[in-house]
Asker: 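This is the structure, below, for whatever I ask next.
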Amino acid sequence: MADLGFPAPTRRLARAVEAFFVEQGRDLPWRADRSPYRVWLSEIMCQQTRVQVAIDYFTRFVERFPRVEDLARAPLDDVLAMWSGLGYYARGRNLHRAAQVVAFERDGRFPDTAAGLRELPGVGPYTAAAIASFAFGRTEAVVDGNVMRVLSRLCLDDGPLDEPATKRRMTARALALAEAADHAPTLAEGVMELGALVCTPKAFRCDACPLSTMCEARDADVVALYPVKKKPRPRTLVEVCAVVVHQDGAVWLERREAKGLFGGLYEVPATPLDGAAPAKVARQLLEARGLSAPGRLRKTATVARTLTHRELVFHVYSVPVDGAHDPLRAGDEVSGVGLSTAMREVLRAGWPAAERFLPG
DNA sequence: AAAACGGGGGA
DNA sequence: TCCCCAGTTTT
């Protein structure tokens, strides 16, 4: 086997991590019962999301959908409504699809190997390994951001995080550790826990680390310089015109197509400005829907939301209407569909009754 | 290999 | 402000 660059025997490293997890691992809701369904659900929710945030969503989901069949039978809109605010909504859409595959094509049973799990929508290399390990006790290389950080420091690996070659090295190391462990799942979860609690990006606590005496970055006093990252891409400004058409306790909502940004979520009539005047675009949005615009449209507010690569600025127009209108949704229906945090803000800004119907 | 895809909490 | 989080999918 090629040299993995460990600063100490894998057996010693593995035992130290396992002991750390047994003694200091957190009592997270999804650790109480390691059923495949709960492990899968928690892992999907935790993707690119802080554990503290995922906890609330996980608790609500298992209460509302106790079994994978319950999730599979629910309308997608219900699932996305529950997912509202969590972000990366493709996860919610894939979650629903995967639940249907498991419930309807596999008799409710999850695949019990990483390769099998990998076939489910939304389950990539990390999640497949995590479920195979935590739920089925398999010896897998479970490599997430925490693991990459811990191992890059431990082995003084200066490969950029987003390069496949770096990922391959980390995977080989994670597998070697899992194979050297007493209990592979404990090791795997332990490395992640170490990254989450001790070997953190900024405020790392080497004094509390079970690996500190073996860590190469620590030896060289360069922990803060690892892992190595590439330069981030700049953000671009996107201005959007949003028209909040409302009638008392009802508001006009439309469903976005089920892909791309905020896919499958609901929104008020809206479109990017593309350099046009907001008032003019607002009028066009209304006319395209057969709505009579008042003599003069008044901008109600500006709502700004920052995404990873985009700065969204909504020019919000509040437009009261009367008479019957089709896509006008009663307030109590609004909480039953998927809404992005950005759209919640837009609704709050342009719909007088929003406070009565939008939680938070 | 690079880009797309949310949101928020902490430094 | 910037960073970065229990990553996956698409281009």
Side-chain angles (χ1 to χ4, degrees), chain A residues 21 25-26 28-31 38-58 80 83-95 97-98 117-131 133-135 140-150 160-167 170-171 174 185 188-197 199-204 224 227-236 238 256 258-265 304-312 338-345 360:
Chain A
F21 184 70
R26 291 165 293 181
L28 299 174
W30 47 83
R31 285 181 177 162
R38 292 166 62 98
V39 171
W40 163 72
L41 185 59
S42 66
E43 292 303 336
I44 299 295
M45 286 182 169
C46 284
Q47 290 169 11
Q48 295 293 289
T49 302
R50 287 189 160 68
V51 164
Q52 277 309 318
V53 176
I55 288 176
D56 293 334
Y57 283 84
F58 177 83
L80 290 178
W83 198 272
S84 284
L86 240 196
Y88 284 127
Y89 296 93
R91 290 184 299 167
R93 302 194 300 271
N94 287 331
L95 186 83
R97 287 173 53 209
L117 289 158
R118 188 70 181 72
E119 301 296 312
L120 297 175
V123 176
Y126 160 75
T127 306
I131 302 171
S133 180
F134 306 156
E140 298 284 343
V142 184
V143 181
D144 70 338
N146 286 313
V147 175
M148 297 275 281
R149 185 171 56 253
V150 170
L161 274 190
D162 48 3
E163 282 186 2
T166 307
K167 178 74 176 293
M170 301 301 181
T171 301
E189 209 157 10
V191 181
M192 291 198 300
E193 197 77 343
L194 195 56
L197 299 180
C199 194
T200 52
K202 303 255 174 73
F204 39 84
V228 173
K229 293 145 299 195
K230 282 186 170 173
K231 287 279 164 58
R233 218 158 42 81
R235 253 195 298 275
T236 58
V238 178
R256 291 175 66 90
K259 61 177 181 179
L261 187 63
F262 303 132
L265 302 191
R305 298 294 304 179
T306 302
L307 278 46
T308 302
H309 300 299
R310 266 197 277 252
E311 170 80 16
L312 256 33
L339 293 172
S340 66
T341 301
M343 196 49 55
R344 284 177 186 277
E345 292 300 313

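Side-chain atoms are counted along with the backbone in the values below, which use heavy atoms only and exclude waters and symmetry mates. First the proteins, then the strands, lettered A, B, ... as listed; each starts at 1.
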Asker: Please determine if a side-chain N or O atom of A/R118 lies less than 4.0 Å away from the OP1 or OP2 oxygen of C/dT9.
Answerer: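 For C/dT9, OP1/OP2 do have a side-chain N/O of A/R118 under 4.0 Å.
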
Asker: Taking any heavy-atom pair under 4.0 Å as a contact, classify A/L28: base, sugar-phosphate, or nothing.
Answerer: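 Here A/L28 touches the bases of the nucleic acid.
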
Asker: Can you check the A/N146 CG to C/dC5 P distance for me, whole Å?
Answerer: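 To the nearest whole Å, that distance equals 7 Å.
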
Asker: Answer with base, sugar-phosphate or nothing: what part of the nucleic acid does A/S42 contact at a heavy-atom distance below 4.0 Å?
Answerer: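 A/S42: no heavy atom of the nucleic acid under 4.0 Å.
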
Asker: Taking Watson-Crick and G-U wobble pairs with both distances under 3.5 Å, convert DNA chain B into its dot-bracket string, 5' to 3', dots for unpaired and | for cross-strand pairs.
Answerer: |||||.|||||

Asker: To the closest 0.5 Å, what do you measure between CG (A/L120) and CD1 (A/I131)?
Answerer: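 Rounded to the nearest 0.5 Å, the CG-CD1 separation comes to 7.0 Å.
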
Asker: Once rounded to the nearest 0.5 Å, what's the spacing between atom CD of A/Q48 and atom CZ of A/R91?
Answerer: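 Interatomic distance, A/Q48 CD to A/R91 CZ, rounded to 0.5 Å: 8.0 Å.
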
Asker: C/dC3 and B/dG6: how far apart are their C1' atoms, nearest whole angstrom?
Answerer: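 Nearest-Å result for C/dC3 against B/dG6 at atom C1': 15 Å.
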
Asker: Rounded to the nearest 0.5 Å, what separation is found between the CE atom of A/M148 and the CE atom of A/M170?
Answerer: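 Those atoms lie 5.0 Å apart.
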
Asker: Nearest whole Å is fine: how far is C/dT8 C1' from A/R97 CZ?
Answerer: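 Checked: the CZ to C1' distance equals 12 Å.
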
Asker: Counting the atoms with a prime plus P, OP1 and OP2 as sugar-phosphate, which does A/V123 contact under 4.0 Å by heavy atoms, base, sugar-phosphate, or nothing?
Answerer: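 Sugar-phosphate: the residue A/V123, judged by heavy atoms under 4.0 Å, touches backbone atoms but no base.
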
Asker: How many Å lie between NE2 on A/H309 and C1' on C/dC2, as a whole number?
Answerer: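 Rounding to the nearest Å, NE2 of A/H309 and C1' of C/dC2 are 14 Å apart.
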
Asker: Identify, with sequence neighbours excluded, every residue that meets salt bridge (charged side-chain N to carboxylate O under 4.0 Å, His left out) alongside A/K259.
Answerer: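 For A/K259 there are no salt bridge (charged side-chain N to carboxylate O under 4.0 Å, His left out) partners, ignoring immediate neighbours.
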
Asker: Among A/V150, A/L197, A/V147, A/V143, which residue satisfies the side chain to side chain contact (heavy atoms under 4.5 Å, CB included) criterion with A/M192?
Answerer: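 Answer to the side chain to side chain contact (heavy atoms under 4.5 Å, CB included) test with A/M192 among A/V150, A/L197, A/V147, A/V143: A/V147.
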
Asker: Starting at CH2 of A/W83, measure out to CG of A/L265 and round the result to the nearest 0.5 Å.
Answerer: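 Output value for this atom pair is 12.0 Å.
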
Asker: Rounded to the nearest 0.5 Å, what's the gap from CE on A/M343 to CZ on A/R305? Could you check?
Answerer: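 Rounded to the nearest 0.5 Å, the CE-CZ separation comes out at 11.5 Å.
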
Asker: Please check if the side chain of A/R310 supplies one atom and the backbone of A/V238 the other of a donor-acceptor pair under 3.5 Å.
Answerer: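 No, A/R310 side chain to A/V238 backbone: no donor-acceptor pair under 3.5 Å.
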
Asker: Between A/M170 (CE) and C/dG7 (P), how many Å, whole number?
Answerer: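 The distance from CE of A/M170 to P of C/dG7 comes to 15 Å, rounded to the nearest Å.
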
Asker: Would you mind telling me which residue lines up with the more 5' stretch of DNA chain C, A/R235 or A/C46, judged by nearest nucleotide?
Answerer: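 Residue closer to the 5' terminus by nearest nucleotide: A/R235.
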
Asker: In whole angstrom, give me the gap between the C1' atoms of B/dA3 and C/dA6.
Answerer: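 Roughly 22 Å separates the two C1' atoms.
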
Asker: A/L120 CG to C/dG7 P: how many Å, rounded?
Answerer: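 Value for this atom pair: 18 Å.
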
Asker: Is there a donor-acceptor pair under 3.5 Å between the side chain of A/T166 and the backbone N or O of A/P160?
Answerer: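 Yes; judged by distance alone, with no hydrogens or angles, the pair exists.
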
Asker: Any side-chain donor-acceptor pair under 3.5 Å between A/Q47 and A/Y126?
Answerer: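 No, A/Y126 and A/Q47 have no side-chain donor paired with an acceptor closer than 3.5 Å.
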
Asker: Write down the distance between CG (A/L95) and P (C/dT9), rounded to a whole number of angstrom.
Answerer: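 One finds 12 Å between P of C/dT9 and CG of A/L95, rounded.
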
Asker: Which nucleotides of nucleotides 6-11 of chain B have their base under 4.0 Å from a protein heavy atom (B), which only their sugar-phosphate (S), and which neither (-), written as one string 5' to 3'?
Answerer: BBBB--

Asker: For a quick check of understanding: with a heavy-atom distance under 4.0 Å over all strands, which category does A/W83 fall into, base, sugar-phosphate or nothing?
Answerer: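 No contact at all - A/W83 keeps every heavy atom at 4.0 Å or more from the nucleic acid.
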
Asker: Heavy atoms only, 4.0 Å cut-off, all strands: where does A/K230 land among base, sugar-phosphate and nothing?
Answerer: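 If one applies the 4.0 Å heavy-atom cut-off, A/K230 turns out to touch the sugar-phosphate alone, with no base involved.
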
Asker: Map A/R233 and A/P164 onto DNA chain B by nearest heavy atom, then report which one ends up closer to the 5' terminus.
Answerer: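 Mapping each residue to its closest nucleotide by heavy atoms, the 5'-most match is A/P164.
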
Asker: Output the rounded distance in Å from CZ (A/R26) to C1' (C/dA6).
Answerer: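 In whole Å, C/dA6 C1' lies 9 Å from A/R26 CZ.
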
Asker: Roughly how many Å is it from CD in A/E189 to C1' in C/dA6, rounded to a whole number?
Answerer: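 Taking CD of A/E189 and C1' of C/dA6, I get 9 Å after rounding.
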
